[in-house]
Enquirer: 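Before I ask anything, let me first share the structure, which is written out below as structure tokens.
Order of the sequence lines fixes the chain letters, A, B, ..., with proteins taken first and strands second; residue numbering starts at 1 for each chain. Heavy-atom basis, side chains included; hydrogens, waters and symmetry copies ignored. These numbers were taken from a predicted model, which means no experiment stands behind them.
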Amino acid sequence: QDMPPLPEAIQKAGKIRIGVKCDSPPFGASGPDGKPRGIEIEMAKKIGEYAFGSEEGAELSCVTSESRISSLNAGKLDLILATLGRTAARQEVIDYSNIYFWGTSNVLVPADSPVQKLSDLQGRSVLVVKGASQIKWLEANIPDISIVQLNTTADGVQALMQGRADGFVGDGGLIYTLGGNYPKLRVIEEGLDLGVNGVGMRKGETELQTFVNAVLDELRKDDFYETVIPQFVEEPAVVDVMKRGFLEEPPQI
Amino acid sequence: MDGTGAAEQGIAFDRVNKWYGQMHVLQDVTFSVAPGEKIVVCGPSGSGKSTMIRCINRLEEHQAGTIRVGGVEVNDQRRNIEQVRRRVGMVFQNFNLYPHLTILENCTLAQRWVRGTPRAEAEARAMRYLERVRIPDQARKYPGQLSGGQQQRVAIARSLCMEPEIMLFDEPTSALDPELVREVLDTMVSLAEEGMTMICVTHEMGFARQVADRVIFMDRGRIVESAHPDDFFSNPKEERSRLFLSQILH
Amino acid sequence: MDGTGAAEQGIAFDRVNKWYGQMHVLQDVTFSVAPGEKIVVCGPSGSGKSTMIRCINRLEEHQAGTIRVGGVEVNDQRRNIEQVRRRVGMVFQNFNLYPHLTILENCTLAQRWVRGTPRAEAEARAMRYLERVRIPDQARKYPGQLSGGQQQRVAIARSLCMEPEIMLFDEPTSALDPELVREVLDTMVSLAEEGMTMICVTHEMGFARQVADRVIFMDRGRIVESAHPDDFFSNPKEERSRLFLSQILH
Amino acid sequence: MTVIDWGYILAAFPDLMRGLGMTLMVSLLAILFSLLLGLAGCALRVSGIRPLSYAMRGYVEFIRGTPYLVQIFFVFYGLPSLGFTLSIFWSGVLALTIWASAFHIESFRAGLASVGREMHDASASLGLRRLPHALLVVAPIALRSALPSTLNTVVGTIKNSAYLQAIGLVELTFVAVDRIAQDFRSTEMFLSICVIYLVVILGVSALGHRLERRLNRPYGSR
Amino acid sequence: MDLLFEYRVFLLSGLIETLKMSAVVALGGTFCAILLTMGITAKPRLLNRASYALVELLRDLPLMVTVLLVYFMLPMTGLGLNPFWSCCLAISVWGGANGAQILRAGLASVGKGQRETAAAFGFGPVKTLLLVTLPQAMPVIVPPYVGLLTALVQATSLGAVVGAQELLRTGQVLIEQTTIMQGGSPAYLVYGSILVVYFTLCTLISLVGARIERHFLKPYSASSGALAEDRAHEIDAAISVRT
Ligand SMILES: Nc1ncnc2c1ncn2[C@@H]1O[C@H](COP(=O)(O)OP(=O)(O)OP(=O)(O)O)[C@@H](O)[C@H]1O
Ligand SMILES: Nc1ncnc2c1ncn2[C@@H]1O[C@H](COP(=O)(O)OP(=O)(O)OP(=O)(O)O)[C@@H](O)[C@H]1O
Ligand SMILES: [Mg+2]
Ligand SMILES: [Mg+2]
């Protein structure tokens, strides 16, 4: 294929360093052998392949939600491909590629909860993962909501099952997966704000940006997502949500 | 109650034996002390002197033989032990004052909690005995603020506050600087002169000569010799005593 | 180098002064010790005896006056200090044996690391001096396994291994049980008889009578009296000495 | 390099103070409970009743032999599977209490051991019975000698409350890390919380030293 | 249990990472401790004061804060940000501060008399330290130092907070995935097992430490052994590691 050129520094290094998630299935998670696996992992491997001809060209390392931006700006990574939502505050410190995934956020509640739509959450408490992008939206749109921040999704599910809060807010894919796996929990259909994910990179690296955008375009044309998504997602409803998010244009709000 | 007149009032050891594990530290120790008598016990290190006098008020248990104090047998009965301890005061090598209490409180604690003496009375008595050992002015200080000699005198006063009939001293001056020994010995001499029954483990031979009615020499858990100090010092009967004296009185 | 013949070989203090903060602990101390002389230093606690003899091998610094040892001035020059320390051995009140080393290792450590003596030679010499103090059989034991008297004799042997010209003793027997004092004093007497130059802080008056060429009596940082032991004990010139002797010899 | 933005610190100040309030609240409760539990545990430890004394020993060893962070996770996420569900706050208090009381048991025990046989001899020879001896002689001396290590644990409790940010307790460290994740002002935030922690911890230590000096007065050298 | 077995390779990689971190912080902590001890005992006033202040600062701040601080601030110095190394660095300097305190107290516990004796024999300062002071300080240093080493090993679990893939972190990841994908939390099992692993590790270290302590106490065994031990434990209490 005819790809835009890589930045010289990366060419010289002979590999491209990508930060991925290792605890967020189906995007990125650890396999039993300790190697990461998931949709974004496959994307990262593709980037390596387009850059250097083999998936070995991408050097993957696990990042946490809190550390990924600092790692990037510290020069430890070239790209973040780790469920990184685009926000105004983040755009001040890093650049983004084109959007590769969009989705609404959803709320998970106990099956027997009286909550049916978002407005029912008024005056109740919800759980979110620390530093999540939904916090601002919740505070702005649902009066008197109290927000409890936890470290991980598992903590959130636990806390919800233990009745420590009324709902758990997260990305749609995740929430639908959980809804499928936990009979005692239920998904509220009405979605929160739209979240869009892009690949993060240091400010001003336009050459790299162009390259990544080209790869993302190729992936969409290539039937890549259609084959990869079912490998990591079983629930048919979730597969649909995922395909829509990866392949269709985000709705304008 | 049985026993001779002396045992009725004083102390009587009858074939007392004690072991620490394998070690036989008291071997058939037999002697008696009449009321008013002053005994000095000496002997090499580890010979069992401390063990012996600590058996008198049951700080150590003996395993065979009998000990009587004022006619009361010292055995494992709580009542007997309490009775004996009421009659017997003791002064230790390292003073053993209560470090967290003032001198005055040191002297009143036992009075108030053992005897139930009211506070004012206990303090009055404490001051009397502190005067007796010539340190009434230190009453409000803590032991840590006193010299060794002063501490030992407080320890003596503290014992006297319980008005014992018998006083035991276990090397009362051996932890003191040479200069401070005198003041403690003086206090003990004046106690002796007042007729108190005393058993004193010490190597202060001057004190023994001046005060003791009898010197008991121990070696390896046995009483080797028991004699008037004049005889003991000038003409010890036993080879072992002679050797010991030659070492002490270089 | 200047100084008299005696100072050339022995020790000479010339108006030595020392302060700890405000406290004037050595005041114009002047005296000299000829080779082979034996000096006993006595005096009340805190009078500066230890400080004085510790100035000789610069364990303490003096602030004014001069000290010469074998003609070498004791000042802050490393070379001088090293020279002096090579000539002067010292024995402390608390023995200060190295507790982590065996008796033999105690005696060879300095030989090997200061002198560079080969191991075999160092051990041979150590055994010679351990025999000299009559404990060659303890060579493989640790200090903790020895009695105080034996430990002090090891300390003496350890010093002798460096073959010093002068020996300093700071109350070598005052941490010992009375029974053990004799054996250490005997060792010191035999050293004295061989002609070693000695300065000894001690309250063992028997030893002073037997051995000393001169007794120096100190009080509050000054030399109050310096006399032959016969004169000093029977007829002290100064009031202060008399008082002190009366306290010591009770 | 970055210049410190004092305005930002000022804006974050109310949040930080709320975090500090939570830190202090959790610590205070845990200190209180752990001291009580420590005393009780120490009593069992020296009770002479074999199974109880071994159990206490095992407890102390286990807590001291495992990372505090894992203990917290165990309490917060593990205990619910066993049927105990506590809020974040009370989980924090519980985890801190479990940790600190193990250390208190040990320091109280060491304090008791430091009261030598001599005091027993003195009391026995004066005829003082067990209970007054234990309360009037042993306890004051033991507590005094346990004081330094007890204070160390008390201060440690406050410091260890910072670990509770990991289970989402909104205390001082949490506030800082949370803001850093949003605004990336790490210099300002760390400067603030370091100063706050130092003030609190040095303050508590100083109080402790005063108490120590007070109790040490009797032992003052002459 | 099946879960732990299925993910054994993953969990083992976490354990190995933990062991690696432990080794690094043990060495790094000791190195920092020696450096800081030299600083504290140095003659120049400024150096001495600065080291002392640093030691106190590190001992007074919560370790959690130190670890986060190093992790977030290190990139600003351009030193980059690897969770493994930043965490090791933070724990090492913290361990160094506590270790310095132990070393200093240990050396100070050797009586002045011993150093004087060495001086009287003409030993220089270095020889005095190596031949006389340090060997005698060992019985005092070893017990609290072993305590410090176990604290350092435990502290490596803080790596999880900044994302180093050590044992606790792998456990968390495992719990996270299982919770999402399988409906049900193995937290009790996983955290319980991790506690046991750490406890075993620390117990092993303590056992080895006790052997080393016995070795250094051998010369004292006959008589005053209890004495040296007392001395050691007294000091142990006074300088206990501040978490
Ligand atoms: N609690 C104990 N356990 C085992 N042995 C002991 C105990 N107390 C004393 N001994 C041993 O009993 C023997 C007699 O000890 P004791 O203290 O009575 O001697 P002593 O004559 O008072 O000696 P010293 O002059 O040193 O005080 C000694 O050999 C001592 O080692
Ligand atoms: N390091 C020190 N700092 C301050 N004062 C000291 C120091 N060493 C000794 N002194 C004081 O100096 C004076 C002389 O002490 P030194 O030890 O020489 O007396 P001494 O005659 O040897 O007494 P002792 O018989 O008790 O050994 C004493 O008053 C003592 O308190
Ligand atoms: Mg005795
Ligand atoms: Mg002296």
Side-chain angles (χ1 to χ4, degrees), chain D residues 1-2 23 61-82 99 103 106-107 110-111 113-114 145-146 148-149 152-153 155-166 172-173 176-177 180 184 186-187 189-191 193-194 197-198 200-202 205, chain E residues 56-57 59-73 75-77 147 150-151 153-161 167-168 171-172 175 179 184-192 194-203 205-206 230 233-234 236-243:
Chain D
M1 285 243 342
T2 31
T23 291
E61 290 293 317
F62 191 77
I63 296 302
R64 286 165 44 125
T66 51
Y68 177 57
L69 189 60
V70 187
Q71 291 165 19
I72 294 174
F73 286 138
F74 186 82
V75 166
F76 187 63
Y77 300 121
L79 283 189
S81 335
L82 293 174
W99 175 84
F103 283 77
E106 196 47 30
S107 42
S114 79
S145 83
S149 55
N152 194 13
T153 307
V155 172
T157 311
I158 301 176
K159 286 195 269 179
N160 274 2
S161 70
Y163 282 63
L164 298 176
Q165 65 95 12
L172 192 52
T173 309
V177 174
I180 291 170
F184 313 105
S186 36
T187 314
M189 282 294 101
F190 276 114
L191 182 67
I193 66 167
C194 283
Y197 272 118
L198 279 183
V200 170
I201 281 159
L202 292 179
S205 302
Chain E
E56 276 305 302
L57 185 74
R59 279 160 58 84
D60 281 334
L61 281 179
L63 177 57
M64 173 66 96
V65 172
T66 311
V67 168
L68 291 171
L69 186 144
V70 170
Y71 180 68
F72 282 106
M73 306 288 284
M76 301 195 170
T77 65
T150 60
V153 170
Q154 293 175 20
T156 60
S157 65
L158 279 162
V161 176
L167 184 60
L168 177 58
Q172 284 177 322
I175 292 171
T179 311
S185 163
Y188 166 64
L189 174 69
V190 173
Y191 289 134
I194 293 177
L195 281 175
V196 172
V197 169
Y198 272 107
F199 183 61
T200 314
L201 207 58
C202 290
T203 307
I205 293 175
S206 301
D230 279 357
H233 290 133
E234 216 167 86
D236 192 12
I239 54 181
S240 56
V241 175
R242 296 204 209 146
T243 38

Enquirer: Check whether E/I175 gets within reach of chain D through its side chain, its backbone, both or neither, counting any heavy atom under 4.5 Å.
Expert: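 Contact with chain D is absent: no heavy atom of E/I175 under 4.5 Å.
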Enquirer: List for me each residue that meets side-chain hydrogen bond (donor to acceptor under 3.5 Å, both in side chains) alongside D/Q71, sequence neighbours excluded, and say none if there are none.
Expert: D/T66
Enquirer: I need the minimum non-hydrogen distance between E/M64 and D/Y163, along with the two atoms involved.
Expert: CE-CA, 3.5 Å
Enquirer: Tell me whether the count of non-hydrogen atoms from other residues, nucleotides or ligands lying under 6.0 Å of OH in E/Y188 goes above 12.
Expert: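 Open: at most 12 neighbouring heavy atoms sit under 6.0 Å from OH of E/Y188.
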Enquirer: Among residues at least two apart in sequence or on other chains, which ones pass side-chain hydrogen bond (donor to acceptor under 3.5 Å, both in side chains) with E/Y191?
Expert: none
Enquirer: Might you point out which heavy atoms bring D/I201 and E/D60 nearest each other, and give the distance in Å?
Expert: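 Closest approach of D/I201 to E/D60: CD1-O, 3.2 Å.
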Enquirer: Quick check against the 3.5 Å criterion: does D/K159 have a side-chain atom that pairs as donor or acceptor with the backbone of E/R59?
Expert: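 Yes; judged by distance alone, with no hydrogens or angles, the pair exists.
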Enquirer: Looking at every non-hydrogen atom in both residues, tell me the closest pair between E/L69 and D/C194 and how far apart they are.
Expert: CD1-SG, 3.5 Å
Enquirer: Go through the atoms of D/V200 and report whether side chain, backbone, both or neither lie under 4.5 Å from a heavy atom of chain E.
Expert: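 Contact with chain E is absent: no heavy atom of D/V200 under 4.5 Å.
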Enquirer: What part of D/L79 gets closer than 4.5 Å to chain E, counting heavy atoms only: side chain, backbone, both or neither?
Expert: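 Neither the backbone nor the side chain of D/L79 comes within 4.5 Å of chain E.
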Enquirer: Between atom OH of E/Y71 and atom CZ of D/F190, what is the distance when rounded to the nearest 0.5 Å?
Expert: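 The OH atom of E/Y71 sits 10.5 Å away from the CZ atom of D/F190.
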Enquirer: At their closest point, which heavy atom of D/L69 faces which heavy atom of E/S157, and how far apart are they?
Expert: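 Shortest heavy-atom contact: CD2-O, 3.4 Å.
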Enquirer: Name the region of D/Y197, side chain, backbone, both or neither, that has any atom closer than 4.5 Å to a heavy atom of chain E.
Expert: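 Interface part for D/Y197: side chain.
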Enquirer: On a heavy-atom basis, which atom in D/R64 and which in E/Q154 lie closest, and how many Å separate them?
Expert: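 Result for this residue pair: O-NE2, 2.7 Å.
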Enquirer: Rounded to the nearest 0.5 Å, what separation is found between the CG atom of E/L195 and the CZ atom of D/F73?
Expert: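 Answer for the CG-CZ pair, E/L195 versus D/F73, is 11.5 Å.
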Enquirer: Measure distances from D/T173 to the heavy atoms of chain E and classify the residue's part below 4.5 Å as side chain, backbone, both or neither.
Expert: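 Answer is side chain: those atoms of D/T173 sit under 4.5 Å from chain E.
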Enquirer: What part of E/L68 is in contact with chain D, defined as an atom under 4.5 angstrom from a non-hydrogen atom: side chain, backbone, both or neither?
Expert: both
